[in-house]
Number of protein chains: 2
Amino acid sequence: MSLIPIRSGSPLGGEAERSDAARNRELLLKAARELIEECGADGLTMDRLAGRAGVGKGTVFRRFGSRAGLMMTLLSDSEAAFQGRFMFGPPPLGPGAPPLDRLVAFGAERIAYVLEFGELARAADASAYNRYDVPAAVLWHRHIEMLLQAAGVTADPWLMAMSLSSTLDPERLLYAVRVHHVAPERLAESWRELVTRVVSCPGGVPRPDGVSQPDEG
Amino acid sequence: MSLIPIRSGSPLGGEAERSDAARNRELLLKAARELIEECGADGLTMDRLAGRAGVGKGTVFRRFGSRAGLMMTLLSDSEAAFQGRFMFGPPPLGPGAPPLDRLVAFGAERIAYVLEFGELARAADASAYNRYDVPAAVLWHRHIEMLLQAAGVTADPWLMAMSLSSTLDPERLLYAVRVHHVAPERLAESWRELVTRVVSCPGGVPRPDGVSQPDEG
DNA sequence: ATGCTAAACGGACTGCGGTCCGCATATTAT
DNA sequence: ATAATATGCGGACCGCAGTCCGTTTAGCAT
């Protein structure tokens, strides 16, 4: 199912899973979805989840590693679908369209995704240092990086992709929408402006000294 | 000394401070600096701080509101100096230089600042939703927004400033440097590329409906 | 000095994410 | 069937940020 196994459930190695473990995983996922339904993602605590599922707390962490890991697992189906669309789906999101169009579509989809899943998407962003090392994040990064290069952007694609990714951070997107009441379309439009400028601009001067070229205004 | 009082120490209103409160604040700040010296910013816990300073834990929170608030207070001198430089200091960071040059310089300074203070700067980023509503963050945002407008960037300056800000996020910068061993100069260079493209590019096609009114709640 | 009051104090308490480790059990080899 | 063993289990336990509230005290007015 999952193209890039975000988190299959078992801790690390992808070997066979004992039957009781499998049963408990299902129990936990079911309980988690119920709890989120009732209390929202923020209202889901690991103790409550364990209690609701009728298992010990240790079991929860054994399955999912962390709260963020659990949230990722809950999102893994949608995430896999998203990955499928931008890697193999129809243009402009998938291959076939010009890189810039794909970038624009990628951001728009990601924004919609984050806004759809809200707190859940936010909670899936591990608070740890390794937040950006999670497989899905690495994949998005590489995708953006690849599109930038395909679009002929020469300058440090890795860092440029990082900057663009940061724009799509769930925390920021939700802040803009929830706190500042920015309309979702405005977010997508701003993303479009951003990537368009990054891609279609001939690029900064090779930096001989501090001063740049004439700017308008 | 602080131009924009990041956090003067007293909880909110800037009125007179009782003598014992003032004494305890100094005690706490001294203890905090010592603790950071010894254990690093990550090793500073509120309990340890209280113990070291010889005050109750409640006092710590009364003074600084939260761990992030404490870190901001510890940074407030450097922060005020930074603010002074980009608002009133010499070009290219301060007024007088072309907007693009000021933007480039702003990013470079901010990157250096974050790398200098490392964990401290990271910890000063409150984990709460209000992370971006802290006075200093609002000021940076407005500064970037203003420079964008001065540079003739028409498209949704508020959101564009937000995107650019996100690139300077301490978490990301430190991740790039610490985990991926990106050289600091590469960060500054990538920032330069980014803002140059954003500013000097004619921009994406104008949208059918030109409704964009930057605003904050 | 004395009494009053608002402010500050301190530390027990809560709820959280996450860890640990002795015990139970599914699985496999014999 | 039985024994061996790796895997999973549970819940007590930890350290943490942040809160609460009864107690103390600084500052002031008399």
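Per chain, numbering begins at 1; letters A, B, ... match sequence-line order. The figures that follow rest on heavy atoms only: side chains count, while hydrogens, waters and symmetry mates do not.
- Computed from coordinates, the B:R63 CZ to C:dA7 P distance equals 12 Å when rounded to whole Å.
- For B:K57 against C:dA12, no side-chain N or O and base N or O form a donor-acceptor pair under 3.5 Å.
- For the pair A:E26 and A:K30, the salt-bridge criterion is not met [side-chain N within less than 4.0 Å of a carboxylate O].
- Taking the side chain of A:S19 as heavy atoms from C-beta on, and the options C:dC9, C:dA26, D:dG27, the nearest nucleotide is C:dA26.
- Heavy-atom minimum distance, B:W158 versus A:A176: CZ3-CB, 4.4 Å.
- Considering only side-chain N and O atoms, B:S66 lies nowhere under 4.0 angstrom from the phosphate OP1 or OP2 of D:dA17.
- Between A:T59 and D:dG10 there is a side-chain polar atom (N or O) within less than 4.0 angstrom of OP1 or OP2.
- Sequence order on DNA chain D of the closest nucleotides to A:G56 and A:D47 puts A:G56 first from the 5' end.
- With salt bridges taken as basic N to acidic carboxylate O contacts below 4.0 Å, one links B:R192 and B:E189.
- The distance from atom CZ of B:R48 to atom C1' of C:dG11 is 19 Å, rounded to the nearest whole Å.
- Put simply, CG on A:L70 is 12 Å from C1' on C:dG17, counting in whole angstrom units.
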**Request:** Check the pair A:E193, A:R197 against salt bridge (charged side-chain N to carboxylate O under 4.0 Å, His left out), reporting the backbone distance first and the verdict last.
**Result:** CA-CA 6 Å; A:E193 283 278 354; A:R197 284 160 188 266; 3.2 Å; yes
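- Within the structure, every side-chain polar atom (N or O) of A:R18 is placed at least 4.0 Å from both OP1 and OP2 of D:dG8.
- Separating the CZ atom of B:F64 from the P atom of D:dA17 is a distance of 14 Å, rounded to the nearest angstrom.
- Of all nucleotides listed (D:dG8, C:dG17, D:dA26), D:dG8 comes nearest to the side chain of A:R62.
- Of the possible donor and acceptor atoms, none in the side chain of A:R122 sits under 3.5 Å from a partner among the backbone N and O of A:D42.
- Residue B:T45 has its side chain nearest to D:dA17 when only D:dA17, D:dA26, C:dC9 are considered.
- Between A:L49 atom CG and D:dC9 atom P the separation is 13 Å, expressed in whole Å.
- Position along DNA chain C of the nearest nucleotide to A:L44 versus A:D20 favours A:L44 as the more 5'-ward residue.
- Contact of B:R67 with D:dA17 (side chain to base): no donor-acceptor pair of N or O atoms is detected under 3.5 Å.
- Rounded to a whole Å, the CG atom of A:N24 is 12 Å from the P atom of D:dG11.
- What separates CE of B:M46 from P of C:dG10 is a distance of 15 Å, to the nearest Å.
- For the pair A:M71 CE and C:dG18 P, the computed distance is 10 Å after rounding to whole Å.
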